[in-house]
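Worksheet: the structure to be examined is printed underneath.
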Amino acid sequence: MAAKPRLRLLHTSDVHLGAYDSSGESMRRELEDGFRRVIDIGLREGVDFMLVAGDFFDNARVREETMTFAAEQIARLERPVVIAPGNHDHVGPGSVYDRVDLPALAQNLQIMRQPMGETVAVDGLEVEVWGRSHTEQLFDFMPFEGPPPRGDAPWQIGIGHGHFIHPRALMHHSFHIREQHLVESQRDYVALGHWEQMTRVAAGESVVAAYSGAPEGLGGNQAGGHVLVVDLLEDGEVRITAHPLEGEGSLAHDDLPYLRGL
Ligand SMILES: [Mn+2]
């Protein structure tokens, strides 16, 4: 097998920009600073592209200046960025992405807007990203059910937003992601969102899958926020490093929390 191009990916999710738009300036600033640091880490680590696995915005009524702030930060990375919308920033009727044309403000940005799923070729890189955006129309939506076969690019990434079903999962939650779905995706890496906590999840022998967790300490994220730097190596190996948003001490691949599925 020919060697693959070495690529470095920045994975974040659940930024919830605008969550505190009506809660006062200091909380609002804290959330924005968190996303600014995500971009800073991407620049420091020299990533080739960035993925946002849903809930980038908290709701469809965020201030317009929150949206232009988001576009400015994305543009600052100067590398391709793909957003796969989650339940808080869903596509379809009433979508936050209908309000401001973000890709016009940040020309390195692509937003996955096809509810039936789509594969995005990342500009200038030998990588394709497949995902299915939330519409908030289907209560039993399963983001990774029935994945299409791998595409032609050497690197195939999956992206999606929902609950990985593990033995401690609350089954009444919606947007189920099963280990079997991740195995069947045959993607090299699957970027997950919806959980505040950073963790790898079980996805069979040949698929690496992880939640980046929220960058900021939103409810339940006492461990503090992380962003994931994912190295896609020439021999096909995928290695994650979790970088804390505050302070030192990154976590290497084998030291990341790891959840088994049902
Ligand atoms: Mn969510």
Side-chain angles (χ1 to χ4, degrees), residues 10-21 23 27 31-32 34-35 38 50-62 66-67 70 81-99 102 111-115 117-118 129-145 157-166 168-179 181-182 190-201 203 209-228 245 257 259 261:
L10 187 71
H11 167 194
T12 190
S13 73
D14 301 275
V15 186
H16 286 277
L17 287 174
Y20 302 131
D21 272 6
S23 312
M27 288 174 81
L31 200 59
E32 291 191 350
F35 187 56
V38 168
M50 171 176 172
L51 298 177
V52 183
D55 291 359
F56 184 48
F57 293 106
D58 185 69
N59 61 72
R61 300 168 306 283
V62 300
T66 296
M67 301 194 72
V81 176
V82 177
I83 296 176
N87 54 311
H88 279 260
D89 57 345
H90 62 84
V91 300
S95 174
V96 67
Y97 297 109
D98 289 339
R99 291 181 45 205
L102 293 177
I111 303 173
M112 300 176 91
R113 302 193 62 160
Q114 301 300 325
E118 68 196 284
V129 182
W130 168 71
R132 201 180 273 141
S133 300
H134 279 246
T135 61
E136 284 297 86
Q137 308 290 311
L138 300 167
F139 77 95
D140 56 352
F141 175 63
M142 289 195 277
F144 292 103
E145 190 182 31
I157 307 292
I159 188 167
H161 191 90
H163 285 285
F164 180 72
I165 300 304
H166 66 99
R168 296 198 309 279
L170 297 169
M171 293 303 285
H172 63 254
H173 280 155
S174 46
F175 326 137
H176 288 178
I177 296 168
R178 298 188 175 280
E179 179 178 354
H181 296 164
L182 301 177
V190 181
L192 299 173
H194 196 49
W195 283 357
E196 310 289 349
Q197 302 281 356
M198 177 270 294
T199 185
R200 279 179 65 201
V201 301
Y211 285 90
S212 60
E216 269 302 303
L218 295 167
N221 194 11
Q222 297 95 344
H226 290 81
V227 63
L228 302 182
L245 268 282
L259 281 178

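Counting convention: from 1, in listed order, for ligands and their atoms alike.
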Donor-acceptor pair, side chain of Arg200 and main chain of Ala210, under 3.5 angstrom: no
Donor on one side chain, acceptor on other, His163 and His176, under 3.5 Å: no
Polar side-chain atom of Asn59 near backbone of His88 as donor-acceptor pair, under 3.5 Å: no
Ring centers of His134, Phe141 separated by less than 6.0 Å: yes
Proximity of Phe175 and His161 rings by center, below 6.0 Å: no
Sum of protein N, O or S atoms, each under 2.8 Å from the Mn ion (ligand 1): 4
Thr12 and Ser212: side chain donor to acceptor below 3.5 Å: no
